[in-house]
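In what follows, every heavy atom counts, from backbone to side chain, and hydrogens, waters and symmetry copies are set aside.
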Amino acid sequence: MEPELITSLDQVNPAWLTKLLRREGLLKAGRVADVSYDSSVTSFSVIAHLRISYNRNSTAPDRLFLKFSKPVHPVTTPEGGWEVMFYKFVGPRTPAVLRCYDAVFSPEQHKLHLLLEDISSTHYSEPASQLPPTRRNCELIVRALADIHAAWWGEPPWDVLGWSLPDQAEVDRRIKDVRERISRFTNFLGDRLTENQRNIYREVLAALPVLYTRLTLPDAYTVVHEDIHIGNVLYPRDPDTDTVRIIDWQTWLIDLAPKDLAHMMALFWFPEQRRALEIPLLQQYHERLCENGVSDYSWDHLWRDYRLCVIRKLFQPPWQWDTGHAPNIWWNHLGRVMMAYEDLECRELVTG
């Protein structure tokens, strides 16, 4: 029997929840007596915090979190159902991730729903914004990322995506794609790009055939979130006893581990904060990797890969522009990542 796709809150009823919780082994006896919810709408989804009561005492969860596609916004992630794929096949062995009870994607409708644990009693969220996390929360995020990356270190789930380690043909395809997008982007911006910014793009694009040879080596490949920012993290109310949870896995990939750190710090943080926190956080990240048993990745290797990932993040604003993101997002990212490129002396990798 095909799983039922939730497309309306009218479907969220006691019968559906009873069947689902029994399937998951969470409801041994009795049934769901009532379900109520508080709901809201985001840019692409309907979300609801469910409150559940049972007809007899039960250890089954009394609160769950539901997310499903808005009627007018089909899923647009690569190949569809990217996030469902994560929660079904990757999430169960990934630390710092919410437990998922149901994950359904319809290729015909290009819609999904996810039923996740609700941890609002122990964690809180920050509204998505350009603000950086506090230093304490930065440290918690970095620790969680190291745990996630270490869990898949050396054996990322290539089969789940139907991918493999990039070969030269794939590297050539990526270089061609980047060059074409950068050309369209720089033509669009015209003299709004400084000559220095144009020169940075020119020198980086010229060096890609050499830089991208690193991508054909298996070292440090793992599961990466690919969109770490303040709005995609749930923070513990008591950071001394709990840690963050990373949410919104619709853009997850298999890539070099430092890419998540470059995304968070080089794209979202202005220079003063990044300069103060960048190296201490990278050092904490490396120490946590080592604590998790990663023994084949030196600090020098991490530092070089991080700078390479900052170079690759120069391509994020053109991609965001090309895919219809608002200018106030990609224009700010462009300025910050250009400054990171120069601060970190990334030109050394490009010309060396």
Checklist entry - What are the two closest non-hydrogen atoms of Arg198 and Thr186, and how far apart are they? => result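 In terms of heavy atoms, the two residues are closest at NH2-O, 3.0 Å.
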Item to check | Closest non-hydrogen atom pair between Val97 and Arg245, with its separation | outcome: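 Looking at all heavy atoms of both residues, the shortest contact is N-CD, 4.1 Å.
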Can [X] and [Y] be counted as an ion pair, charged N to O under 4.0 angstrom?
X      : Y      : value
Glu226 : Arg312 : no
Asp305 : Arg214 : yes
Lys67  : Glu83  : yes
Glu195 : Arg202 : yes

Neighbour count >12 (heavy atoms, 6.0 Å) for atom [atom1], [X]:
X      : atom1 : answer
Arg304 : CZ    : no
Asp238 : CG    : yes
Asn57  : CG    : no

Heavy atoms, side chains only, cut-off 4.5 Å: are [X] and [Y] in contact?
X      : Y      : value
Ile247 : Leu234 : yes
Val224 : Trp252 : no
Pro280 : Arg135 : yes
Leu50  : Phe65  : no
Ile329 : Gln320 : yes
Trp303 : Ile279 : yes
Leu116 : Arg99  : no
Leu140 : Pro236 : yes

For [Y], is there any backbone N or O sitting under 3.5 Å from a side-chain donor or acceptor partner on [X]?
X      : Y      : answer
Arg63  : Asp118 : no
Tyr101 : Leu26  : no
Ser45  : Thr42  : no
Thr94  : Val90  : yes
Asn232 : Ile228 : no

Ring-face cation of [X] near [Y] (centre distance under 6.0 Å, axis angle within 45°):
X      : Y      : value
Arg192 : Phe188 : yes
Arg93  : Trp152 : yes
Arg181 : Phe315 : no

Next on the checklist: Under the criterion side-chain hydrogen bond (donor to acceptor under 3.5 Å, both in side chains), I'd like the reasoning laid out for His333 against Gln316: C-alpha separation, chi angles, the key distance, then a yes or no.
Outcome noted: CA-CA 8 Å; His333 285 172; Gln316 187 86 8; 6.0 Å; no
Next on the checklist: Before we go on, tell me: are the rings of Trp330 and Phe185 under 6.0 Å apart, centre to centre?
Outcome noted: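 Centroid separation for Trp330 and Phe185: below 6.0 Å.
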Next on the checklist: Under 6.0 Å between ring centres: does that hold for His113 and Phe105?
Outcome noted: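 Not close enough - the centres of the two rings lie 6.0 Å or further apart.
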Checklist entry - Can you name the residues that form a salt bridge (Lys or Arg N to Asp or Glu O under 4.0 Å) with Lys88, not counting sequence neighbours? => result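 Partners of Lys88 by the salt bridge (Lys or Arg N to Asp or Glu O under 4.0 Å) criterion come out as none, since no residue qualifies.
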Are [X] and [Y] grouped together when hydrophobic residues (ILVMFWY) are joined by side-chain heavy atoms under 4.5 angstrom apart?
X      : Y      : answer
Leu211 : Leu215 : yes
Val32  : Tyr37  : yes
Val171 : Leu253 : yes
Trp331 : Trp269 : yes
Ile119 : Leu66  : no

Checklist entry - His286 vs Tyr297 aromatic rings, parallel, tilted or perpendicular, using cut-offs 30° and 60°? => result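 Rings of His286 and Tyr297: tilted, as their planes differ by 30° to 60°.
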Checklist entry - Using 30° and 60° as the class limits, which term best fits the ring planes of Trp249 and His225: parallel, tilted or perpendicular? => result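 The arrangement is perpendicular - the two ring planes meet at more than 60°.
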Would you check if there is a donor-acceptor pair between the side chains of [Y] and [X] at a distance under 3.5 Å?
X      : Y      : result
Thr323 : His325 : yes
Arg51  : Ser36  : yes
Asp260 : His149 : yes

Next on the checklist: For the CD1 atom of Ile52 and the CG atom of Leu21, what is their distance to the nearest 0.5 Å?
Outcome noted: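 So the gap between those two atoms works out to 6.0 Å.
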Item to check | Spacing of Glu342 atom CD and Gln197 atom CD [to the nearest 0.5 Å] | outcome: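 So the gap between those two atoms works out to 8.5 Å.
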Next on the checklist: Suppose the criterion is side chain to side chain donor-acceptor pair (under 3.5 Å): which pairs have a residue in residues 22-34, not counting sequence neighbours?
Outcome noted: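 Output for this query lists Arg23-Asp102.
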Give every donor-acceptor pair under 3.5 Å between a side-chain atom in residues 157-169 and any protein atom, sequence neighbours left out.
residue, atom, partner, partner atom, Å
Asp167, OD1, Ala169, N, 3.3
Asp167, OD1, Glu170, N, 2.9
Gln168, NE2, Asp172, OD1, 2.9

Next on the checklist: side-chain contact (heavy atoms from CB on, under 4.5 Å) for Asp227 and His263? Distances and angles first, verdict last.
Outcome noted: CA-CA 7 Å; Asp227 193 22; His263 187 94; 3.1 Å; yes
Next on the checklist: Run the side-chain contact (heavy atoms from CB on, under 4.5 Å) test on Leu256 and Tyr306 for me, step by step, so that the C-alpha distance in whole Å, both residues' side-chain angles and the decisive distance to 0.1 Å come before the verdict.
Outcome noted: CA-CA 9 Å; Leu256 301 183; Tyr306 175 74; over 6 Å; no
Checklist entry - Run the side-chain contact (heavy atoms from CB on, under 4.5 Å) check on Asn332 and Leu267 step by step: do they pass? => result CA-CA 8 Å; Asn332 290 331; Leu267 275 181; over 6 Å; no
